Amino acid sequence: MRKPSWLRLTAFLVLACMLSVASASEGQDEADMLKEQIDRMQQQLLEMQRQLDDLRAERDEEEQKREEMESRLANVEEGGADEEKVKEIAAETYDEKKSTEIDVGGAVRFQYVLEDYNDSSKENNGTLEMDTVRLNFDGTVGDVILSAEWRWYQYMNVIHHAWAGYDFTDSLQGQVGVNQVPFGVTPYNSHSFFFSSNYYLGLEDDYDFGAKLIYDEGPLNIQGAFYWNDELGGSDGYFGFDGGDFPNFLNDRYSYDIVGAREPGEGAYAAPGNYAFDSNIINGRVAYTLGHGTDYSTELGFSGQYGDVVDNASDSIGSQSAFAAHLVGNYGPWNVQLQATEYEYDMDDGMQRMAVGAYDFFDTIAAEATSYTGNVAYSLPVNWGPVSNLTFYNDYSLVTDKSGGLEDTWMNVTGVAVTAGGLYTYIDIIQAENQPFVGGTMDSTTEPGTNTRFNINFGYYF
């Protein structure tokens, strides 16, 4: 029989002394109450001890299994058994080790930027700046799949994703946590470093907190998800990864989300005066691939999402919806991406503009709009020293039919991605009008003309 731990004995003695004092000073009723508390705590300690014993037994069983495998392998090798038997036992040992392995990786990225709409950039012939440092954790513990990524920028620290998953079958996987929203062309509706204009609407490479199921069987891929809120924790539970007071950290995030509804006349880059957040979002995505498993295939798909919009007291102030149809073609070295998207934030107060936040930056989008994207890329294997592949691409985006009398946004990115061992480099020429990070905002009521940005982003991945 296992002896009581010192923690349990100490707790018992302290509480017994309290019982004695209580009996002398306060009477029998309080003593009985303390006795009941002692009994309950003893039961809790016994339950904790039982759980600890179970964990120790499980650990001892795993240790015994590993020792048995190592012993079998040593005996087989000494006895000169056949090669197949040695491989079988070695594979079992390898699988046991891999079942609890977490791989740590990451990246360091910096970039050169030259902007024709920025006098300082032109006078200094561009700038060389740090982009991001990131750390990734991927692997399994037992049958549970784990994946997470943390990013450091010069101006913020953010979570990119963090989820736990489980393979129910070879075709069905579940994920819970901060995971990628299944919508449109995935994982990216673009080839360049700047994504498409959909990204700045929160409709490409978006990450929210929820549960997702992925069914992938042959040519058919079906994904369904429910998101309680965005990755920062919901309207009544926001916390900043960098600290700070509400609402200063609302824009400290990797992917774009709404954070407010704009009053008429409120500035495009101002902190929102009326808060608005995603809540209880349902997503569905269905895709079917013609020519699946061949070098010439075409994926056709449809996506939809619907949910609530709440204020910072978690009261509903509107609803939201989005729909998209897409095509992804892989034809030998060529890749084609096409997508048409409609979205709407139907606000109870009739607001026509929504505040969004990302990259330590507030901006504004139309409450309703239609977008179109058309991208093409060509992959060319080469053997130029460390350079093994060049991917040439042209990505085009158009956001039109905006609410609030806002002008269209368009962006065209022409570039090449260079693969050289662990170094991956984007070389982009971006031309755009009313496009964030290219001298404009989607909240413009004028046509200011075309801006051009030359961008080289170097990333070392390990």
Side-chain angles (χ1 to χ4, degrees), residues 161 163 173-190 195-216 220-235 253-261 276-288 299-311 314 316-328 337-348 351 354-358 365-373 397 399 401-403 442:
H161 70 270
W163 56 265
Q173 182 182 94
Q175 298 178 5
V176 177
V178 179
N179 56 60
Q180 188 182 55
V181 175
F183 189 87
V185 178
T186 59
Y188 309 110
N189 184 17
S190 54
F195 299 105
S196 73
S197 293
N198 278 6
Y199 174 76
Y200 306 86
L201 298 170
L203 295 173
E204 178 186 352
D205 199 31
D206 182 33
Y207 290 82
D208 290 326
F209 188 88
K212 178 169 66 173
L213 285 174
I214 304 170
Y215 177 80
D216 191 31
L220 181 62
N221 182 277
I222 302 175
Q223 300 185 43
F226 177 80
Y227 294 96
W228 288 273
N229 41 248
D230 62 46
E231 64 270 33
L232 289 190
S235 60
R253 64 183 78 209
Y254 162 78
S255 55
Y256 275 77
D257 295 298
I258 59 167
V259 294
F277 307 105
D278 294 327
S279 179
N280 297 329
I281 311 298
I282 299 173
N283 276 84
R285 179 184 183 274
V286 179
Y288 189 86
E299 178 187 274
L300 302 173
F302 179 80
S303 305
Q305 74 177 37
Y306 182 82
D308 202 10
V309 179
V310 298
D311 60 17
S314 296
S316 178
I317 55 174
S319 63
Q320 60 174 290
S321 61
F323 303 94
H326 75 266
L327 177 152
V328 178
Q337 301 173 339
L338 302 173
Q339 182 171 316
T341 308
E342 284 192 1
Y343 77 89
E344 179 182 10
Y345 293 94
D346 186 7
M347 306 303 293
D348 295 344
M351 294 294 186
M354 304 299 294
V356 294
I365 63 173
E368 181 180 0
T370 300
S371 74
Y372 302 96
T373 58
S397 305
V399 184
D401 298 328
K402 297 179 182 179
S403 60
M442 293 193 183

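Nothing here was measured: the structure is a model prediction, and the numbers come from that model.
In this structure the side chain of L201 reaches within 4.5 angstrom of the side chain of Y343, judged on heavy atoms. The shortest distance between side-chain heavy atoms of L338 and V328 does not fall below 4.5 Å. Proximity of R253 to V259: side-chain heavy atoms (C-beta onward) are separated by under 4.5 Å at one or more points.
Taking each heavy atom of E342 and T370 in turn, the nearest pair found is CG-OG1, 3.5 Å. Scanning all heavy atoms of the two residues, the minimum distance from V176 to A211 falls at CG2-CB, 4.1 Å. Closest approach of Y256 and V356 over heavy atoms only: CD2-CG2, 3.8 Å. In terms of heavy-atom proximity, S319 sits nearest to Y306 at CB-OH, 3.7 Å. Contact detail for S255 and Y207: the closest heavy-atom pair is OG-N, 3.2 Å. Closest approach of I317 and A276 over heavy atoms only: CD1-CB, 3.9 Å.
In this structure, the separation between NE2 on H161 and CG on N179 is 9.5 Å, given to the nearest 0.5 Å. Rounded to the nearest 0.5 Å, atoms CG (D308) and CG (N229) are 12.0 Å apart. From D278, atom CG reaches atom CG of D206 across 7.5 Å, with rounding to the nearest 0.5 Å. Between the CD1 atom in I258 and the CD atom in Q320 there is a gap of 5.5 Å [rounded to 0.5 Å]. For the atom pair OH (Y345) and CE (M354), the distance works out to 6.5 Å, reported to the nearest 0.5 Å. Rounding to the nearest 0.5 Å gives a distance of 12.0 Å between CD1 of I222 and CD1 of I214.
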D257/D208 under side chain to side chain contact (heavy atoms under 4.5 Å, CB included): CA gap, chis, key distance, verdict: CA-CA 9 Å; D257 295 298; D208 290 326; 3.4 Å; yes
Stepwise, does the side chain to side chain contact (heavy atoms under 4.5 Å, CB included) test hold for Y215 with L220? CA-CA 8 Å; Y215 177 80; L220 181 62; 4.2 Å; yes
Step by step, would you call V286 with F302 a side chain to side chain contact (heavy atoms under 4.5 Å, CB included)? CA-CA 6 Å; V286 179; F302 179 80; 5.6 Å; no
N198 vs S371, side chain to side chain donor-acceptor pair (under 3.5 Å): CA-CA, chis, key distance, verdict: CA-CA 7 Å; N198 278 6; S371 74; 2.7 Å; yes
List the steps and the verdict of side chain to side chain contact (heavy atoms under 4.5 Å, CB included) for F226 and N280. CA-CA 7 Å; F226 177 80; N280 297 329; 3.4 Å; yes
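Of the possible donor and acceptor atoms, none in the side chain of T341 sits under 3.5 Å from a partner among the backbone N and O of A324. R285 places a side-chain N or O within 3.5 Å of a backbone atom of G184 that can act as its donor or acceptor partner. Looking at S303, its side chain never comes within 3.5 Å of a backbone N or O of F183 through a donor-acceptor pair. For the pair S397 (side chain) and S197 (backbone), a donor-acceptor distance under 3.5 Å is present. For K212 (side chain) and Q180 (main-chain N/O), a donor-acceptor pair under 3.5 Å exists by modelled atom type. Formation of a donor-acceptor pair under 3.5 Å by the Q305 side chain with backbone atoms of S321 is not found in this model. The backbone N or O of A367 sits nowhere less than 3.5 Å from a side-chain atom of K402 that would complete a donor-acceptor pair. E299 places no side-chain N or O within donor-acceptor distance of the main-chain N or O of A287, the cut-off being under 3.5 Å.
In this structure, F195 and Y199 have parallel ring planes: the angle between them is below the 30° cut-off, well short of the 60° mark.
In this structure, a donor-acceptor pair under 3.5 Å is absent between the side chains of T373 and Q337. Side-chain contact check for D205 and Y254: at least one donor-acceptor pair (N or O, by modelled atom type) lies under 3.5 Å.
If you look at F209 and Y227, their ring centroids are not closer than 6.0 Å.
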